[in-house]
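Here is the structure we will look at, set down as structure tokens.
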Amino acid sequence: MNVIEIRGLRKDYPLGKTTVHALRGVDFEVEEGSFLSIIGPSGSGKTTLLNIIGCIDSPSAGSVKIHGEEITRLNDRQITDLRLNRIGFIFQTFNLIPVLNVWENVEFPLLLMKKHKKEEVDARVEKLIREVGLINYINHKPAELSGGQRQRVAIARALVTNPDIVLADEPTANLDSETSHSILELMRELNEVEKTTFIFSTHDPEVLDYAKEIVKIKDGIIVKQG
Amino acid sequence: MDLAIVFKMSWRNLWRHKGKSLVIGVILFFGAFLMTVGNGMVSGMEAGLSNNIINLFTGDIVVISNEQEKDDILFSFSGKPLKTIKNFEAVKEVLDTHSAINTYLPATAGMVYVFNSGTDLGSIMLLGVDFDRYRKVFPDSIVLTEGAIFKTGERGLLVTEEARKQGYEAMNFWTLPVNGELIPEKLPEEAKANIDSLEIKRDIVFMGLSTTNSTPDVRVDVTGIVNFKALNKIWGNFCIIDIESFREAHNYVTGADQNIEISEEKRQLLEDDGLDSFFSTESLIDNSLVTDTDLSIETIKTATQRSGRPVNINSGAYNLAFIKLKKGIKPEKALAELNQAFQSKNLNVRAISWKKAMGSIGSMAFLIKIAFNAFIMFIFVVAIIVIVNTLSMAAMERASEIGMMRAIGARKGFLRKMFIYETGVLSFFFGGIGIIAGIIMIYLLQSANVTTADEILQLVFGGEQLNPIFTYKDLLLGLVELLIVTLLAVLYPLRIVGKIVPLDAIARD
């Protein structure tokens with residue numbers, strides 16, 4: 001079953017008097033439980049594609065369906081709720097809330113959902129923090145953590161709401177190779193155990209070894225999928 | 001749970017951005033401080049003016065003749081006397097029955113010329129009253145410093161210390177009450193130096209202003225020297241005189257006039273406007289008045305002395321009435337009702353506010369109040385501009401963080417709440433301290449006993465002493481002002497926050 005269906009996706013950015021065509025008509029599906037990597041050189045449109053799938057950016061033309069729902073027709077509040085309930089994000093630069101500690105950062109999306117009891121929240125947060133190996137760091141603020149530790153917090157936060165899709169934009173770009181491998185191992189493990197769909201972009205060949213599927217993008221067009 | 005996390009994040013953000021928080025906090029502190037002191041000054045001024053103008057002299061409303069061209073009747077020096085109120089009995093009926101009126105004082109007011117041998121004519125302002133009634137309407141408004149108060153029905157003049165000083169400066173005499181002792185300490189320095197040659201006057205001869213040059217001279221004994229309870233630089237210009245003497249000096253109808261019994265023929269003659277009647281042969285010479293008796297000065301004095309018959313002084317003429325309203329009555333409403341009542345009965349009078357009656361002095365008080373409020377508004381605006389700037393900068397600097405929160409599912413409302421909480425906490429913490437500091441300052445100013453002899457400053461102070469007051473109403477007003485500042489200051493930054501999109505989390509990295 002496809003969790004994502006993209007048809008004729010285009011994204012243009014006006015840049016002064018010219019227009020940059022970031023995506024030039026992308027057709028693309030992702031099955032549930034995939035562990036998919038989008039690869040391509042810098043400026044090929046990887047991040048733009050991820051942003052549109054994650055409802056962070058809107059397309060210039062085309063259709064994007066998540067679980068059969070056309071996201072281009074949703075209003076701001078519906079899109080926000082979709083991001084909260086169905087999509088987890090892992091950013092290249094970790095993007096944690098600086099004033100919250102590890103526990104609170106992971107807990108944050110669950111508090112926004114306002115539908116879980118405190119015991120449920122605590123149990124879910126503790127489980128994920130344990131899984132990412134930071135149970136001894138729950139009171140640490142992001143500034144007191146290493147890059148790898150911050151990315152683990154970001155992964156735990158992305159997974160805490162039990163999303164259908166986790167999008168990770170170059171999640172290992174700012175990490176050393178050892179930490180990168182441990183992060184990717186963690187993501188693969190969660191994909192196998194939780195059956196969560198992972199889509200991550202990279203241009204690091206070593207990361208590709210972890211991917212079950214690869215989509216290659218060049219100049220805003222998918223040139224290879226499989 | 002939502003509010004708890006919002007509050008937690010807001011609180012920690014304030015500590016994280018200590019510098020900006022402190023800048024906004026200091027502005028809010030000074031804003032709240034100045035607002036509190038400013039409100040206290042305005043309240044003090046209002047209370048002072050209310051006590052020292054309305055309760056001391058003018059009442060809330062003044063009734064004057066419609067023939068009076070201008071409203072500034074108390075301090076205008078137009079050279080014309082105030083027009084008398086015609087048919088005061090009918091006016092009295094309206095005043096006696098109007099439900100908004102607590103009490104009123106019919107009176108006469110105006111400038112008179114003072115005669116003095118050796119100098120030019122001087123002038124003083126007189127307020128002619130039935131003194132017993134004056135005391136009832138304006139109790140404790142004056143303090144007797146020398147001599148005695150005259151009673152109702154008696155002739156007498158109460159000279160203010162201020163007018164006595166002015167009299168010395170203009171006409172070189174020092175006024176003392178009949179039987180009063182000279183108190184050298186009260187003399188101006190120049191008079192002290194020439195105390196042996198100092199001219200003392202225990203009565204004043206004066207003449208009322210008239211457009212017909214037909215007013216008589218009146219001599220009145222000075223019975224006492226008085227001070228007004230406050231605003232002596234202003235009220236001290238008015239000496240208080242028995243109303244009959246005032247009327248005589250202005251050729252007004254006196255209470256005694258109403259007592260005179262004359263023949264029907266003479267009454268008709270007086271009431272006849274035709275000049276021919278004065279020249280008819282029958283009435284040109286009244287033989288009954290021709291006498292062979294030798295007329296000595298003493299005989300004339302005896303023949304022309306005032307009648308000993310009891311006089312109803314309330315039956316004479318008045319040129320104004322000071323009205324005090326009942327507590328809680330809005331002066332504007334009462335003013336409109338009174339004027340409507342006067343019009344409906346075709347009475348040729350109008351009711352005006354005390355401010356109008358005071359002329360430029362009343363306007364000055366109003367302008368000072370406006371200036372105070374404008375100052376407070378200015379503080380408001382400056383505080384809002386600086387806070388808006390600082391918060392907007394903070395919102396833009398935190399665009400990446402806010403965008404990230406949007407990306408992981410935070411609604412705009414959540415982020416707006418966070419900003420409102422941050423500003424609210426700052427407002428009520430620093431603003432609260434500012435209000436407390438302002439209240440302390442009000443009490444310090446009260447106990448500092450700052451006094452002034454300057455007329456303008458007396459209006460600013462609402463009296464001779466600076467007396468800002470703290471009221472719970474002002475506290476509430478301060479809190480409301482703080483709330484308004486906070487809400488207005490946070491509006492634009494909230495717009496910025498609302499415009500931050502999840503893409504900003506990535507784009508600004």
Side-chain angles (χ1 to χ4, degrees), chain A residues 11 13 47-48 50-52 54-58 75-101 104-118 121 141-143 154 157-158 160-161 163 166-167 169-170 173-174, chain B residues 1-21 391 394-423 425-426 494-509:
Chain A
K11 181 67 184 177
Y13 293 108
T47 300
T48 304
L50 274 183
N51 287 345
I52 291 173
C55 308
I56 282 179
D57 205 352
S58 56
N75 64 28
D76 183 75
R77 178 171 279 218
Q78 288 168 323
I79 283 179
T80 304
D81 290 347
L82 181 76
R83 282 198 298 262
L84 177 64
N85 294 304
R86 296 201 156 179
I87 301 168
F89 276 99
I90 302 165
F91 298 94
Q92 188 177 334
T93 47
F94 327 131
N95 273 321
L96 300 176
I97 300 169
V99 292
L100 300 182
N101 61 29
E104 290 160 344
N105 260 292
V106 177
E107 182 189 40
F108 185 69
L110 287 178
L111 298 182
L112 292 177
M113 290 172 96
K114 295 188 220 173
K115 62 183 182 188
H116 301 286
K117 289 181 183 164
K118 188 170 185 323
V121 170
K141 296 268 175 66
R157 184 183 66 187
V160 77
T161 57
V166 173
L167 301 168
D169 185 19
E170 304 201 32
N174 290 319
Chain B
M1 203 181 273
D2 182 22
L3 284 181
I5 189 74
V6 170
F7 192 75
K8 189 191 286 178
M9 289 172 70
S10 304
W11 184 250
R12 289 183 190 169
N13 271 322
L14 289 176
W15 281 102
R16 184 172 163 230
H17 304 283
K18 282 193 229 41
K20 285 192 187 73
S21 302
L391 282 178
M396 284 188 275
E397 280 173 19
R398 284 160 62 184
S400 168
E401 184 185 322
I402 292 165
M404 178 266 293
M405 284 193 258
R406 294 275 289 126
I408 59 174
R411 287 182 184 170
K412 287 177 182 175
F414 176 90
L415 297 162
R416 284 186 181 132
K417 262 187 234 168
M418 195 173 76
F419 255 74
I420 291 172
Y421 267 55
E422 282 179 31
T423 321
V425 167
L426 280 179
L494 285 185
R495 248 175 87 86
I496 293 177
V497 170
K499 282 185 177 175
I500 293 172
V501 293
L503 202 57
D504 286 312
I506 299 153
R508 299 196 188 211
D509 271 341

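Numbered from 1 within each chain, the chains take letters A, B, ... in sequence-line order. These numbers were taken from a predicted model, which means no experiment stands behind them.
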Of the backbone (N, CA, C, O) and the side chain (C-beta and beyond), which part of B:R411 lies under 4.5 Å from a heavy atom of chain A, both, or neither?
both
In the structure I gave you, are the side-chain heavy atoms of B:K412 and A:R77 within less than 4.5 Å of one another anywhere?
no
Are the side chains of B:R406 and A:D76 in contact, using a 4.5 Å heavy-atom criterion?
yes
Check whether any side-chain heavy atom of A:L112 lies under 4.5 Å from a side-chain heavy atom of B:I5, and answer yes or no.
no
Go through the atoms of A:D81 and report whether side chain, backbone, both or neither lie under 4.5 Å from a heavy atom of chain B.
side chain
Contact check, side chains of B:M404 and A:F89, non-hydrogen atoms, under 4.5 Å
no
Nearest-0.5 Å distance that lies between atom CD1 in B:I408 and atom CD1 in A:I90:
12.0 Å
Minimal heavy-atom distance between A:I56 and B:A407, with the atoms involved, is CD1-CB, 4.0 Å
Pairs of heavy atoms under 4.5 Å with chain A: top-ranked of B:R16, B:E401, B:K8
B:R16
Distance in Å, B:R12 CZ paired with A:I97 CD1, rounded so as to fall on 0.5 Å steps:
10.5 Å
Specify which of A:P98, A:P109, A:A158 makes the most heavy-atom pairs with chain B at under 4.5 Å.
A:P98
